[in-house]
Amino acid sequence: MQIGSIIAVFFVMWWLTFVTVASIGNRSQIEVGEVTSGTEPGAPSAPHLLRRVLIATAIAMVLTALLLWGLTNETLHHYWNR
């Protein structure tokens, strides 16, 4: 695989994992009871975006590595080409 393809696959994996991780464990302002004036009451009270970006990056790196391993593994090639 060329480096551009690997980067594209990583970006897709990262985006999918970030969208998934971003919604896990969020508590809305209504649930916390601290609605900030001028914001949507259903918005997260403390989104912790940096932590979620790092988690999504780690998961995307593992998934991309597994995909690249699967594409280059001779045993799997033999199994798929039966």
**OP:** Please go through F10's hydrophobic cluster and name the other residues, only I, L, V, M, F, W, Y counting, with side-chain heavy atoms under 4.5 Å joining them.
**Re:** W14, W15, F18, V19, L49, V53, M61
Subject >> For the student: nearest non-hydrogen atoms of T75 and N73, plus distance >> reply: N-OD1, 2.8 Å
**OP:** Quick one: list whatever passes side-chain contact (heavy atoms from CB on, under 4.5 Å) with T36, sequence neighbours left out.
**Re:** Q29, T39
Subject >> Any residue meeting side-chain contact (heavy atoms from CB on, under 4.5 Å) with L16, in chain and number order, not counting sequence neighbours >> reply: V12
**OP:** Please go through V62's hydrophobic cluster and name the other residues, only I, L, V, M, F, W, Y counting, with side-chain heavy atoms under 4.5 Å joining them.
**Re:** L66
Subject >> Minimum heavy-atom distance G42-S28, with the two atoms named >> reply: O-CB, 3.6 Å
Original post:
Does anything in residues 37-58 pair up under ring-ring contact (aromatic ring centres under 6.0 Å, His included), and if so which pairs, sequence neighbours excluded?
Top reply: none
Subject >> Partner residues of A65 under the side-chain contact (heavy atoms from CB on, under 4.5 Å) criterion, sequence neighbours left out >> reply: none
Subject >> Other ILVMFWY residues reachable from W69 by side-chain steps of under 4.5 Å >> reply: L76, Y79, W80
**OP:** Output the rest of the hydrophobic cluster of I3: all Ile, Leu, Val, Met, Phe, Trp and Tyr residues reachable through side-chain heavy-atom contacts under 4.5 Å, sorted by chain and number.
**Re:** I7
**OP:** Mind checking the CG-CD1 spacing from L54 to I59? Nearest 0.5 Å is all I need.
**Re:** 11.0 Å
Subject >> side chain to side chain donor-acceptor pair (under 3.5 Å) contacts in which one or both residues fall within residues 16-26, not counting sequence neighbours >> reply: N26-R52
Original post:
Residues two or more places apart in sequence or in another chain: which of them pass side-chain contact (heavy atoms from CB on, under 4.5 Å) with V9?
Top reply: M1, M13, T64, L67
